[in-house]
Colleague: 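Submitted below is the structure of interest, expressed as structure tokens.
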There are 2 protein chains.
Amino acid sequence: MNRKDSAITTEIFPSDMRTSLGRNLTYGMLDVIGRAIVIGEYDNVAFPTEAELARKHGVSRAVTREAVKMLTAKGLLSARPRQGTIVQPQSSWNLFDSDVLHWLLERKFSVELLRHFNQLRVAIEPEAAALAAMQATDAERAAIGAGLSRMVAAEAGADNTLAADIAFHVAVLEGSRNPFYKQFRDMVASALATSIHFTNRIKGRSASIEDHRAVYDAILRRDSDGARCAMRRLIGDVLTLIGEAEATAAP
Amino acid sequence: MNRKDSAITTEIFPSDMRTSLGRNLTYGMLDVIGRAIVIGEYDNVAFPTEAELARKHGVSRAVTREAVKMLTAKGLLSARPRQGTIVQPQSSWNLFDSDVLHWLLERKFSVELLRHFNQLRVAIEPEAAALAAMQATDAERAAIGAGLSRMVAAEAGADNTLAADIAFHVAVLEGSRNPFYKQFRDMVASALATSIHFTNRIKGRSASIEDHRAVYDAILRRDSDGARCAMRRLIGDVLTLIGEAEATAAP
DNA sequence: GTTTACGCAATTATCATATCTATCTGACTT
DNA sequence: AAGTCAGATAGATATGATAATTGCGTAAAC
């Protein structure tokens with residue numbers, strides 16, 4: 001079969017496909033199967049065999065196996081002869097993988113997921129700010145300041161609000177000089193992108209900029225406790241809003 | 001070529017191979033290549049082509065491709081036609097992948113890595129303890145208590161010290177009822193396994209047990225601030241020791 | 001002289017097929 | 001019961017051929 005005939009090709013190329021993934025059949029399969037797993041399509045049904053998957057999507061078994069292997073590496077699947085391929089429990093998924101994260105967010109908007117995100121952020125980012133206050137280089141401090149400037153510019157309509165917000169928070173993570181903290185880039189970006197629809201209407205942007213500036217100022221004067229508290233307040237506020245939303249929605 | 005003839009087979013089967021990985025050629029290749037990348041074997045040399053890798057290790061190209069795809073999924077590699085396969089910068093590696101973590105730790109003992117670990121723990125675990133104090137179920141609280149009991153038993157020689165310590169900290173993470181926190185299982189286990197050699201001699205185990213008990217007590221009485229502080233003290237102590245070690249070693 | 005267009009070659013991407021190996025099931029034996 | 005063996009199934013591996021992509025050098029065009 002020619003590649004042009006593949007079901008995957010017509011299914012997702014070229015419009016729907018995630019840009020961060022490559023543009024070949026293997027990545028297409030990865031995306032389609034990964035999304036289906038996260039959606040829960042195989043929750044109470046047996047996962048297809050390699051041969052079935054290959055036939056259903058119109059690709060070779062080699063391509064199928066490569067996609068399955070990638071999903072195995074991300075913790076979504078495991079495969080054994082005779083038993084077949086099985087979906088792993090969610091607890092073993094690698095939630096910090098940006099593909100997995102993307103599929104999860106794409107699934108459906110969930111306030112609970114947003115709360116989980118921000119419960120993590122409230123642990124990570126204040127500590128990152130504290131580390132940045134102590135150890136960030138001049139260039140890294142400048143990047144944080146640049147992020148703040150972009151937020152100010154965005155308020156005047158000269159920049160994108162979300163992009164500026166992300167730039168600020170990512171710059172703080174970078175300033176921590178700890179590779180593990182830097183890993184939260186994607187997570188923070190996703191959390192902000194998701195929560196922007198949620199918080200936009202509730203609370204004015206100007207107050208938020210003051211909160212961000214407090215973080216920046218503390219980092220500049222190398223006040224790690226101050227930076228930690230300021231960042232904690234920033235995210236704590238969002239968390240409070242989320243809690244209220246859950247309380248009113250759930251009664 | 002028969003599987004029994006493969007270089008991988010003699011290279012790593014059956015003794016050296018990580019037990020968490022499967023026992024087939026693909027996982028063998030994954031382990032060998034992943035380790036080589038993390039060690040830095042390809043830092044200033046071009047990464048081999050698929051054909052070369054396959055020939056060098058005596059396996060087929062299909063197996064090689066599957067291993068490369070898994071490493072791509074973990075962020076260590078990227079592949080494009082004509083350009084070849086290239087090692088990604090460390091910043092895009094997925095450090096929360098337990099394989100990557102394992103290769104990193106295996107590389108060589110580094111106080112800096114241990115510090116990075118514990119700088120993350122000091123963010124995560126106190127917050128997890130605070131969440132557990134508020135939301136953990138009775139069963140989860142009991143699991144934390146069981147971990148503490150095992151630590152006491154270990155002191156009397158009736159249990160393994162490291163395993164008990166890990167059980168306690170993992171139970172706290174589970175008690176947070178947040179899937180993102182639960183992801184740090186492997187990281188905390190690795191950090192504890194690594195740091196046990198480091199802290200054992202410096203500070204008595206009994207003091208540590210009292211610190212752990214303080215966390216447990218706070219969680220039991222649903223005192224989230226107390227749990228956060230107690231856990232923070234626990235890990236902060238380790239961090240201080242690491243800092244002192246770096247200060248005396250560096251100059 | 002600079003830019004564009006084109007074609008070659010290298011490398012990954014894909015396919016098809018055959019065979020091997022691990023493991024589950026169930027029957028058979030002890 | 002407990003152990004052993006045979007068949008069936010699904011993943012694991014090998015092989016060789018073809019397709020698609022793209023970096024790069026070269027020639028043509030301006």
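Order of the sequence lines sets the chain letters (A, B, ...), proteins ahead of strands, with each chain counted from 1. Just so it is clear, the model here is predicted, and its values are computed rather than measured.
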Colleague: Kindly write out the residues that satisfy side chain to side chain donor-acceptor pair (under 3.5 Å) with Glu50(A), not counting sequence neighbours, or none if the list is empty.
Modeller: Arg61(A), Arg65(A)
Colleague: Give the rounded distance in Å between these two atoms: NE2 of His57(B) and P of dT13(D).
Modeller: 15 Å
Colleague: Going 5' to 3' along nucleotides 3-10 of chain D, which nucleotides have protein heavy atoms under 4.0 Å from the base (write B), which only from the sugar-phosphate (write S), and which from neither (write -)?
Modeller: -----BBB
Colleague: Looking at dC15(C), I'd like to know if its phosphate oxygens (OP1 or OP2) sit under 4.0 Å from a side-chain N or O belonging to Ser60(A).
Modeller: yes
Colleague: Ring pair (Phe, Tyr, Trp, His ring centres under 6.0 Å) with Phe117(A): which residues, sequence neighbours excluded?
Modeller: Phe180(B)
Colleague: Would you jot down, in residue-number order, the residues of residues 63-75 of chain A having a non-hydrogen atom under 4.0 Å from DNA chain C?
Modeller: Val63(A)
Colleague: How would you list, by chain and number, every residue that makes a side chain to side chain donor-acceptor pair (under 3.5 Å) with Glu52(B), sequence neighbours excluded?
Modeller: none
Colleague: Over 60° means perpendicular and under 30° means parallel, so classify the ring planes of Phe184(B) and Phe96(B), tilted if in between.
Modeller: perpendicular
Colleague: Using five base pairs at each end to define the local axes, how bent is the helix from dG1(C)-dC30(D) to dT30(C)-dA1(D), to the nearest 10°?
Modeller: 10°
Colleague: In whole angstroms, how far is the C1' atom of dC15(C) from the CG atom of Asn24(A)?
Modeller: 14 Å
Colleague: For Phe47(A), what residues pass the ring pair (Phe, Tyr, Trp, His ring centres under 6.0 Å) criterion, not counting sequence neighbours?
Modeller: Tyr42(A)
Colleague: Are the charged groups of Arg177(A) and Glu140(A) less than 4.0 angstrom apart, N to O?
Modeller: yes
Colleague: List for me each residue that meets ring pair (Phe, Tyr, Trp, His ring centres under 6.0 Å) alongside Tyr216(B), sequence neighbours excluded, and say none if there are none.
Modeller: none
Colleague: Once you round it to whole Å, what is the distance between C1' of dT11(C) and CG of Leu77(B)?
Modeller: 15 Å
Colleague: Phe168(A): which residues meet the ring pair (Phe, Tyr, Trp, His ring centres under 6.0 Å) condition with it, sequence neighbours left out?
Modeller: His212(A)
Colleague: Kindly write out the residues that satisfy side chain to side chain contact (heavy atoms under 4.5 Å, CB included) with Ser78(B), not counting sequence neighbours, or none if the list is empty.
Modeller: Ile86(B), Gln88(B)
Colleague: In this structure, how many angstroms lie between the P atom of dT14(C) and the CE atom of Met29(A), rounded?
Modeller: 11 Å
Colleague: Can you tell me how far C1' of dT12(C) sits from CG of Leu25(A), to the nearest Å?
Modeller: 13 Å
Colleague: Rounded off to whole Å, could you give me the CZ-to-C1' distance for the Arg55(A) and dA16(C) pair?
Modeller: 15 Å
Colleague: Just jot down the side chain to side chain donor-acceptor pair (under 3.5 Å) partners of Asp97(B), sequence neighbours excluded, or say none.
Modeller: Lys74(B)
Colleague: Which residue pairs satisfy the ring pair (Phe, Tyr, Trp, His ring centres under 6.0 Å) criterion with at least one member in residues 59-88 of chain B, sequence neighbours excluded?
Modeller: none
